[in-house]
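Inspection log for the structure reproduced underneath, given as structure tokens.
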Amino acid sequence: MATPGGFTVSELAARVRALGKHRQSQYGTSRAAYDLKKLRGKQIVRRIGRTRRYEPIPTGLRALTALVRAQKQSYKTSARRR
């Protein structure tokens, strides 16, 4: 996903569908636009100038990575308890 020129909303939607095995009706561009707006608000991605392209912010990606790792660790811990 990290390309030198950034990414568009439709590229984000296509990538999420491919990774999550969703259909077009389950994760379309409007849903991706909503998610992207939330990521911008949390300062994880930013818009590139006056274009319709976006790029990740390094500090936001570090925070997001830490959250994902903590979530995976939590799942591993809860699976061991069962």
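Since we're looking at a predicted model, the values are computed, not measured. Residues: numbered from 1 along the sequence shown.
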Could you walk me through whether T59 and R62 satisfy the side-chain contact (heavy atoms from CB on, under 4.5 Å) test, starting with their C-alpha distance in whole Å, then the side-chain angles of each, then the deciding distance to 0.1 Å, before giving a yes or no?
CA-CA 5 Å; T59 55; R62 281 193 288 274; 3.2 Å; yes
Is the count of non-hydrogen atoms from other residues, nucleotides or ligands lying under 6.0 Å from R52 atom CZ greater than 12?
no
In short, I48 meets G5 closest at the heavy-atom pair CD1-O, 3.6 Å
Identify all side-chain donor-acceptor contacts of residues 25-45 below 3.5 Å with residues at least two apart in sequence or on another chain.
unit_1 : atom_1 : unit_2 : atom_2 : d
Q26    : OE1    : R23    : N      : 2.8
Y27    : OH     : D35    : OD2    : 2.7

